[in-house]
Amino acid sequence: MTRIIISDEYGQHGIDIKTAIVNAYGGGGLNPIEDQIEIISGWSAAYNRAVSDENIIALIRSTAGVAGYVTQAEQIYPRVQTFFPLGSNTFEQLTNLTSIPVIITCGAGDTNFENRNNTGYGLGLEFWDNDLVQSADGDASSFANGFILGKLLKIKDTLSCSWWEARFRARMTASRSESNRETTPWDLRNGYGIIDVDAAIAYTGMIATDSYLVPAILPTYYANESVTFILSPYPGFTGSNVTVTIAAGTVYSPTSIQEANAIALSRAKDIAEPASDWLLTPVKGLEKIVVSDYGVLTFHRISLVALSHDKAAIEIEQYIDEAAFDSGKKYIGLRSVSIPVRPDVVPAMNAMYLILRELLLNDAITKY
């Protein structure tokens with residue numbers, strides 16, 4: 001069963017990439033890796049095969065131009081991991097990428113000679129490795145590309161993990177002994193270094209979230225527009241209006257903007273209610289005729305109301321006039337009144353003073 005596609009139309013070049021993969025992974029056995037690799041001429045045919053065959057998990061191409069293949073690589077990831085060299089077999093800084101893409105990129109060198117990446121480098125470089133021939137001559141990233149695929153696949157198969165986990169483990173545990181390395185764990189000239197398969201498999205640290213996964217497409221939700229609710233004092237209370245604004249984009253509804261606005265308005269009302277600092281307005285008025293030892297009492301205020309079953313017990317403070325009340329002078333007298341109240345009226349607490357005011361019109365208070 002084919003699992004790896006080599007996109008190559010250059011004859012021996014593709015065969016050498018296959019050799020590098022087998023050398024890095026380890027050949028032989030009951031289901032040898034060499035029997036799981038197929039070379040297909042041309043990128044389009046190789047890519048279409050990777051798209052249509054669910055058994056394909058790796059697609060490798062060792063040519064320049066990695067930046068032009070990123071979009072297609074994203075479309076088949078994470079089932080299929082794509083591999084490319086960064087793009088040059090000369091030690092020079094490349095600016096074709098500004099960060100490491102979903103494609104695994106590589107450079108090449110010789111651990112027995114220069115012991116560093118000796119081909120193209122830059123912001124897009126992830127790993128480097130040996131090519132097929134250890135020598136002081138130039139290095140070929142085409143074949144380092146195959147070594148890196150073989151190593152990562154070995155990690156993936158051994159742990160039955162995702163490509164990303166194998167890749168992250170390799171990043172965290174790679175060998176980084178290059179003579180020109182300036183930073184770690186990643187370096188501009190050497191990337192994360194050379195993959196150490198055994199160390200990656202033995203790694204026990206955390207595994208970061210796969211940064212290359214395209215976020216899932218969420219169902220459409222409608223955000224509210226800016227909604228303002230103004231709560232005025234209830235009848236019988238004094239105080240300032242309470243204004244609450246729910247900013248746009250605070251509430252979401254799967255149905256409509258109108259529903260999101262309605263939810264936001266309800267939330268504004270819930271916030272406004274406890275935010276009020278209103279005071280009950282004293283019920284006051286003129287009593288028919290009350291004569292006391294201090295003269296005629298013309299101003300009265302209900303100071304206490306107790307509702308019990310079908311009666312309202314009321315205490316009325318009595319003053320000479322309204323000016324006495326406003327100046328805070330102590331009331332002259334206190335009169336208690338008991339008034340029948342219909343049971344269905346009792347729960348109407350917010351309107352209590354208005355109700356009693358109407359009732360008192362028939363008893364003691366003539367006008368307001």
Side-chain angles (χ1 to χ4, degrees), residues 6-8 10 13-14 16-17 20-21 24 43 58-74 77 81-152 163-164 166-196 200 208 210-212:
I6 299 174
S7 169
D8 195 273
Y10 305 109
H13 185 260
D16 289 342
I17 294 170
I21 295 171
W43 170 257
L59 175 60
I60 182 169
R61 182 171 175 83
S62 287
T63 61
V66 59
Y69 296 87
V70 171
T71 299
Q72 286 179 294
E74 290 174 338
Y77 183 83
Q81 177 65 66
T82 311
F83 296 79
F84 269 77
L86 192 59
S88 171
N89 284 336
T90 303
F91 187 66
E92 59 181 329
Q93 184 168 356
L94 304 179
T95 57
N96 54 345
L97 295 170
T98 57
S99 62
I100 298 172
V102 66
I103 297 171
I104 293 175
T105 61
C106 75
D110 293 303
T111 54
N112 293 338
F113 289 89
E114 63 271 3
N115 191 34
R116 62 177 175 81
N117 174 41
N118 201 35
T119 60
Y121 65 90
L123 295 176
L125 179 62
E126 186 162 6
F127 302 106
W128 71 276
D129 214 305
N130 294 281
D131 63 4
L132 284 174
V133 179
Q134 288 279 307
S135 73
D137 296 332
D139 299 295
S141 55
S142 290
F143 312 125
N145 197 23
F147 273 107
I148 289 169
L149 189 161
K151 287 183 173 183
L152 287 172
W163 277 116
W164 167 250
R167 188 175 182 177
F168 185 81
R169 286 170 172 269
R171 288 181 179 185
M172 295 298 100
T173 58
S175 173
R176 293 185 262 270
S177 60
E178 304 92 348
S179 58
N180 65 340
R181 176 172 287 273
E182 296 181 355
T183 58
T184 191
W186 183 87
D187 179 72
L188 183 69
R189 293 170 177 79
N190 300 286
Y192 286 99
I194 292 184
I195 296 172
D196 183 331
D210 187 348
S211 58
Y212 299 110

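Being a predicted model, the structure only gives us computed values, none of them experimental. Along the sequence shown, residues are numbered consecutively beginning with 1.
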(message) Is the shortest side-chain heavy-atom distance between I100 and W186 below 4.5 Å?
(response) yes
(request) Measure the spacing between CD1 of I194 and OG of S177 and express it to the nearest 0.5 Å. (result) 7.0 Å
(request) Please report the shortest heavy-atom distance between S7 and L59, naming the atom on each side. (result) CB-CD1, 4.5 Å
(request) Give the C-alpha distance, both sets of side-chain angles, the deciding distance and a yes or no for side chain to side chain contact (heavy atoms under 4.5 Å, CB included) between R171 and E126. (result) CA-CA 8 Å; R171 288 181 179 185; E126 186 162 6; 2.9 Å; yes
(message) With no hydrogens and no angle check, just 3.5 Å: does a side-chain donor-acceptor pair link N89 and T119?
(response) no
(request) Considering non-hydrogen atoms only, spot the tightest contact between S141 and C106 and give its length. (result) O-SG, 3.5 Å
(message) Looking at every heavy atom in both G120 and L86, which two are closest together, and how far apart are they?
(response) O-CD2, 3.8 Å
(message) To the nearest 0.5 Å, what is the distance between CG on N117 and CG on L125?
(response) 5.5 Å
(request) Hey, could you give me the OG/CG distance between S179 and N190, rounded to the nearest 0.5 Å? (result) 8.0 Å
(message) So if I apply the ring-ring contact (aromatic ring centres under 6.0 Å, His included) rule between F83 and each of Y69, W163, F127, F147, which one comes out positive?
(response) W163
(message) Apply side chain to side chain contact (heavy atoms under 4.5 Å, CB included) to residues D110 and Q134 and explain how you reach the verdict.
(response) CA-CA 6 Å; D110 293 303; Q134 288 279 307; 3.5 Å; yes
(request) Could you please spell out the steps behind the side chain to side chain contact (heavy atoms under 4.5 Å, CB included) verdict for L188 and L123? (result) CA-CA 6 Å; L188 183 69; L123 295 176; 3.9 Å; yes
(request) Report yes if the side chains of V102 and T82 come closer than 4.5 Å at any heavy-atom pair, otherwise no. (result) no
(message) Looking at Y121, I'd like to know if the NZ or CZ of R116 sits under 6.0 Å from its six-membered ring centre while staying within 45 degrees of the ring's axis.
(response) no
(request) Heavy atoms only: give me the nearest F84-T63 pair and the separation to one decimal. (result) CD2-O, 3.7 Å
(request) Would you check if there is a donor-acceptor pair between the side chains of N130 and T111 at a distance under 3.5 Å? (result) yes
(message) Testing the basics here: between S88 and E92, what is the closest heavy-atom pair and its distance to 0.1 Å?
(response) OG-OE2, 2.6 Å
(message) Determine whether D187 and E178 satisfy the following criterion, side chain to side chain contact (heavy atoms under 4.5 Å, CB included), listing intermediate values before the conclusion.
(response) CA-CA 10 Å; D187 179 72; E178 304 92 348; over 6 Å; no
(message) I want to check something: taking the side chain as every heavy atom from C-beta on, are F91 and E114 in contact at a cut-off of under 4.5 Å?
(response) no
(message) Would you compute the distance between atom CZ of R189 and atom CH2 of W128 and round it to the nearest 0.5 angstrom?
(response) 14.5 Å
(request) Measure the spacing between CG of L149 and CD1 of I21 and express it to the nearest 0.5 Å. (result) 4.5 Å
(request) Answer with yes or no after comparing the ring centroid distance for W164 and Y77 against a 6.0 Å cut-off, counting only values under it. (result) no
(message) Side chains of I60 and N145, heavy atoms from C-beta outward: is any pair under 4.5 Å?
(response) yes
(request) Give, for atom CG of D16 and atom CG of L132, the distance between the pair rounded to the nearest 0.5 Å. (result) 5.5 Å
(request) Work out which heavy atom in P101 is nearest to a heavy atom in G124; give both atom names and the distance. (result) CD-O, 4.0 Å
